[in-house]
Amino acid sequence: MRKRKVYVTDWEYEDLRYEEAALKDDRIELVPVQCETEEDVIHKCKDADGLINQYAPIGRKVLEALPNLKVISRYGVGVNTIDLEAATERGICVANVPDYCVDEVSDHALALLMSWTRKVVVTNNQVKQGKWDFKVSKPIYRSRGQVLGLVGFGKIPQALAYKVQALGIKVIAYDPYYPEDKALALGVTLVSLDNLCQQADIISVHAPLMESTRGMIGKEQFSQMKPSALVINTSRGPVINEEAIIDALRKGLISGAALDVVETEPIHPDNPLLHMDNVILTPHVAWYSEEAEEEMRTKAARSTLEVLLDQQYPTYLVNPEVKDKLTLH
């Protein structure tokens, strides 16, 4: 049996020790490369049996140029770098790691929520400038009794709901795919997106990035929000229309934003969000802990083993329709 080649298309870690440990098998050759474009992937990974992918684009053109490819495993939850339809057509399994950072992201969203509502950033900056006066924080309102609106109700927002309920915060959610009875069992009421925007004091976005969710929080949604509302995003930047949120912040349609993600990353130095006192920004760090990084990278590597050596569909198969095109034994 020839060695199966697994290419890491791109990565931003200090090394690949977790991937090397997971793929330590005489039948596997791990090949690290750094690709930025589809042409890079085609040129550098042409004999790949498997790909581990971070940001490099893997569109139809790439998939058609890699004849041996059987599995693509993506670091993290989102698979927006991959043409799922084309992969399924060609009998290629696509895997992700949907469960590695549930606590990290929900904790980060909670941290942003509390930092804003308790004016932690504002008062920290004022004290460091020599101003010792609680009045710079006015107004602060009690968290208990406020309404948190979750856009999306997967594992991460469910974890966030559980955590904020302990603070006495009421939770509503918009998710057209989640069963209403299951949400109610978790103490959460499902509502329409319009109703969520109208009712929520705090809106936390957790929708995956797809064509149907790109820009789903835009001008229309901001126009329905309370002027006192805070908008948090720890999902993907383009789920929120950035031009619309900047306009809403400038016009006072909402009171503030706490964003771990933006449309273009790293954020451009000229982005107006950088110069707004009513915006908290973090550098797409919500997913991160040392434990989460190890788990993500290990699971991503193991998904390629499941297909190439174990001859089974990966545990975290994103495109189950591929089973009609690919038979594994």
Side-chain angles (χ1 to χ4, degrees), residues 1 3-11 13 16-31 45 48-56 58 63 66 68-106 152-159 177-179 182 206 208-210 235-236 287-329:
M1 179 181 179
K3 281 193 172 186
R4 304 299 186 189
K5 285 193 172 184
V6 176
Y7 284 78
V8 183
T9 62
D10 58 311
W11 76 96
Y13 313 116
L16 293 174
R17 63 186 184 278
Y18 301 127
E19 294 82 354
E20 290 166 356
L23 296 175
K24 192 174 182 180
D25 190 293
D26 291 339
R27 297 167 292 174
I28 292 286
E29 180 181 353
L30 180 64
V31 185
C45 309
D49 297 285
L51 296 177
I52 301 174
N53 169 250
Q54 188 166 28
Y55 300 124
I58 303 181
L63 299 173
L66 306 184
N68 299 331
L69 191 61
K70 292 293 184 288
V71 57
I72 306 166
S73 185
R74 183 151 198 285
Y75 290 126
V77 181
V79 290
N80 49 291
T81 59
I82 303 164
D83 188 328
L84 284 178
E85 182 179 351
T88 302
E89 288 175 8
R90 298 187 64 80
I92 299 168
C93 294
V94 177
N96 66 347
V97 190
D99 57 356
Y100 77 100
C101 62
V102 171
D103 270 325
E104 284 77 5
V105 178
S106 57
F153 198 55
K155 292 179 180 178
I156 290 170
Q158 286 173 36
Y177 305 104
Y178 198 82
K182 289 187 177 181
H206 300 275
L209 179 59
M210 304 179 288
S235 59
R236 288 291 185 272
W287 65 274
Y288 171 70
S289 72
E290 288 293 311
E291 296 87 348
E293 182 178 322
E294 178 178 358
E295 182 179 352
M296 174 187 67
R297 292 166 58 186
T298 300
K299 287 182 173 180
R302 285 178 179 166
S303 287
T304 65
L305 282 185
E306 289 178 308
V307 175
L308 299 178
L309 297 188
D310 300 338
Q311 290 292 294
Q312 66 183 42
Y313 299 107
T315 301
Y316 302 105
L317 181 65
V318 175
N319 57 336
E321 302 84 2
V322 77
K323 294 179 180 179
D324 295 332
K325 300 282 186 177
L326 176 66
T327 302
L328 296 173
H329 302 286

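We number each residue from 1, following the sequence as shown. FYI, side chains are in, hydrogens and waters are out, and symmetry mates aren't considered; it's all heavy atoms of this structure. Quick caveat, the model's predicted, so the values are computed rather than measured.
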Could you tell me whether Tyr13 and Tyr75 have their ring centroids closer than 6.0 angstrom?
yes
Is it the case that the side chain of Arg74 and the backbone of Val97 share a donor-acceptor pair, with hydrogens and angles ignored and the cut-off at 3.5 Å?
no
OG1 of Thr298 to CD of Glu293, rounded to nearest 0.5 Å, is 9.5 Å
Check: Leu63 main-chain N/O paired with Arg90 side-chain donor or acceptor under 3.5 Å:
yes
Is the terminal nitrogen or CZ of Lys299 (NZ for Lys, CZ for Arg) located under 6.0 angstrom from the six-membered ring centre of Tyr100 and within 45° of that ring's axis?
no
Any heavy-atom pair between the side chains of Ser235 and Leu209 that's under 4.5 Å?
no
Mark yes or no for whether Asn53, through its side chain, and Thr9, through its backbone, hold a donor-acceptor pair below 3.5 Å.
no
Any heavy-atom pair between the side chains of Arg297 and Trp11 that's under 4.5 Å?
no
Heavy-atom check, side chain of Phe153 versus side chain of Gln158, under 4.5 Å
yes
Can you check whether Ala300's main-chain N or O pairs, donor with acceptor, with Thr304's side chain at less than 3.5 Å?
no
Measure from the side-chain N and O atoms of Asn96 to the backbone N and O of Gly78, and report whether any donor-acceptor pair falls under 3.5 Å.
no
May I ask you to test the Asp49-Lys70 pair for a side-chain heavy-atom distance under 4.5 Å?
no
Heavy-atom side-chain contact between Glu104 and Tyr288 under 4.5 Å:
no
Sub-3.5 Å donor-acceptor pair from the side chain of Asn319 to the main-chain atoms of Leu84, do we have one?
no
